[in-house]
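Since the structure is predicted, the reported quantities are computational estimates derived from the model, not experimental observations. Starting from 1, each residue takes its place in the sequence as its number. Just so you know, these numbers use all the heavy atoms, side chains as well, and skip hydrogens, waters and symmetry mates.
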Amino acid sequence: QLRGVLKRLEFALSDLLIRALLPDPGLRLSLVDARHTVAQAMVRHQLRAGAAVPLGRALMGAALLLHQRPKSERLTLQFSSKGPLRGLVADAYADGSLRGYVHVPTIRFPLEDMDRLAHAGLGRQGVVGTVREMEGGRLEQGQTELATGGIDRDLELAIERSEGERSAFGLEVTLRASDEEEQDLNVVRAQGACLLGLPDHDPYAFDAVARTVRHLPLTASAHTLLEQIAKDFAVDILDEQPVAFRCRCSLERASSTLLLLGEADLLSLAAEPGYAEITCHYCGHNYRFEKDALTLLVTTSLEAKAAKPS
């Protein structure tokens, strides 16, 4: 009984992803409310508004795309462009973990013009790549040219060209600041939706629901958003999952990365400047190895090599 109470509390306090089916018209609908996740990404990477909006959209897009295919373990979106943002990466995992980063975190656009300028960070010259990791480690990869740089229409085009399916995305991130210098920048809203059709879906119903998806109504929660989008259609909720900004980096992985430099270079760093630092691109966490830690890494590496049979 306590476990059930804790589970309900986790859902109440977490960002949430919902997968649902509209059985009558044959439509698949996924929604995500990720305000806390986007806020965490913004704080970790010290993002300005012009970078926070596209990264937030991409994080939600990755989460929505991942769960459209069964037995998917991870989905990565890689945007590369000639726009001022240069590119971004968004990762979604089957356990609800999301992480990502932008190449240029300091892009600024006037908040009052964000809806109009949100695509300008990436621009229209570039590519979006998708990497889906299935159970067993099998990878499925694809790449398409950018359509608008606004993330949502780019994902629609990627699905159309790679899988031949119609889709509709709505990805909304709204920010608020206390002044023009973006002091006290807060995430007011971060919600997204993805619509796909079953093989025998009703195309007219698809178009009607897609119009709402592409212009998401302002709602208080993912459940309310589901009601607003589905309207008079019956809804079967397939599953619900908490999502959060969580990185897979660790001290052990940082240590392994340092060892790639080789023992001689590590000893050189231990002597001057007396430390080494590694910063995770995905979450911004900084791992600092002081002189004693570097020396220990070298000693452990040499002992491991000596222990291997020749």
Side-chain angles (χ1 to χ4, degrees), residues 30-35 37-39 41-42 45-65 75-92 98 100-130 142-162 166-177 180 182 185-196 210-218 225 229:
S30 296
L31 307 101
V32 64
D33 190 313
R35 185 167 65 89
T37 300
V38 176
M42 190 173 67
H45 295 298
Q46 300 181 12
L47 301 179
R48 293 291 190 174
V53 170
L55 180 59
R57 289 181 174 182
L59 289 171
M60 293 189 294
L64 293 167
L65 270 180
L75 187 130
T76 302
L77 295 177
Q78 301 171 327
F79 287 82
S80 178
S81 78
K82 295 183 179 181
L85 199 62
R86 310 305 299 170
L88 61 85
V89 177
D91 254 355
L98 301 176
Y101 63 93
V102 297
H103 289 250
V104 182
T106 54
I107 300 298
R108 294 174 59 181
F109 295 126
L111 289 177
E112 61 272 17
D113 291 332
M114 190 56 67
D115 288 343
R116 183 173 61 87
L117 298 174
H119 66 280
L122 286 171
R124 299 185 179 185
Q125 291 183 295
V127 295
V128 52
T130 59
Q143 181 174 289
T144 59
E145 294 182 358
L146 288 177
T148 67
I151 310 294
D152 42 17
R153 305 298 165 260
D154 300 300
L155 296 183
E156 291 180 7
L157 182 62
I159 291 176
E160 179 183 352
R161 291 182 175 176
S162 63
R166 295 178 68 197
S167 65
F169 278 83
L171 302 168
E172 295 291 343
V173 176
T174 305
L175 307 177
R176 180 181 298 156
E180 294 182 356
E182 297 185 6
L185 190 63
N186 293 307
V187 180
V188 178
R189 180 197 190 192
Q191 293 179 323
C194 171
L195 178 70
L196 292 169
R211 281 193 292 270
T212 306
V213 166
R214 293 184 176 122
H215 300 88
L216 290 179
L218 178 60
L225 184 60
I229 294 176

- Task: Take Glu172 and Arg189 through the side-chain contact (heavy atoms from CB on, under 4.5 Å) test and state the conclusion after the steps.
- Result: CA-CA 7 Å; Glu172 295 291 343; Arg189 180 197 190 192; 3.8 Å; yes
- Task: Mind listing the closest non-hydrogen atom pair of Asp154 and Gly149 along with its distance?
- Result: OD2-N, 3.0 Å
- Whether over 12 other heavy atoms sit under 6.0 Å from Gln143 CD: yes
- Under 4.5 Å between any side-chain heavy atoms of Asn186 and Leu175, yes or no? no
- Task: Enter the distance from Arg86:CZ to Phe79:CZ here, rounded to the nearest 0.5 Å.
- Result: 15.5 Å
- Item | Exercise: identify the closest heavy-atom pair between Leu98 and Ala92 | CD2-CB, 3.5 Å
- Side-chain heavy-atom pair Thr76, Gln78 within 4.5 angstrom cut-off: yes
- Message: Give me the atom names and distance for the closest heavy-atom approach of Pro217 to Leu225.
- Response: O-CD1, 3.8 Å
- Could you grab the distance from atom OG1 of Thr148 to atom CG of Leu157, nearest 0.5 Å is fine? 9.5 Å
- How about Gln191 and Val32: do any of their side-chain heavy atoms sit closer than 4.5 Å? no
- Message: Just to verify, what does Ser80 make a side-chain contact (heavy atoms from CB on, under 4.5 Å) with, not counting sequence neighbours?
- Response: Val127
- Taking all atoms of both residues into account, what is the closest heavy-atom pair of Gly192 and Leu171, and its distance? CA-CD2, 4.0 Å
- Query: Can you check side-chain contact (heavy atoms from CB on, under 4.5 Å) on Thr130 and Thr144, steps first, answer last?
  - Reply: CA-CA 9 Å; Thr130 59; Thr144 59; over 6 Å; no
- Task: Check whether any side-chain heavy atom of Pro54 lies under 4.5 Å from a side-chain heavy atom of Leu85, and answer yes or no.
- Result: yes
- Message: Do Leu55 and Val89 have side chains that approach each other closer than 4.5 Å (heavy atoms only, starting at C-beta)?
- Response: no
- Side chains of Thr174 and Val187: does their closest heavy-atom pair fall under 4.5 Å? no
- Item | Heavy-atom side-chain contact between Met60 and Val173 under 4.5 Å | yes
- Could you give the distance from CD (Gln125) to NZ (Lys82), rounded to the nearest 0.5 Å? 5.0 Å
- Message: Using 0.5 Å steps for rounding, measure from the CD1 atom of Ile159 to the CG atom of Leu196.
- Response: 5.5 Å
- Query: What is the distance from atom CG of Leu47 to atom CE of Met42, rounded to the nearest 0.5 Å?
  - Reply: 7.5 Å
- Item | Partner of Glu156 by salt bridge (charged side-chain N to carboxylate O under 4.0 Å, His left out), out of Arg166, Arg161, Arg214 | Arg214
- Note on the structure: Minimal heavy-atom distance between Ser81 and Leu146, with the atoms involved, is CB-CD1, 3.8 Å
- So do the side chains of Leu77 and Asp91 get within less than 4.5 Å of each other, counting heavy atoms only? no
- Measure the spacing between NE2 of His119 and CZ of Arg57 and express it to the nearest 0.5 Å. 10.0 Å
- For Pro84 and Ala120 the tightest heavy-atom approach is CD-O, 3.4 Å
- Item | Residues Leu216, Ile229; criterion side-chain contact (heavy atoms from CB on, under 4.5 Å); working and verdict | CA-CA 8 Å; Leu216 290 179; Ile229 294 176; 3.8 Å; yes
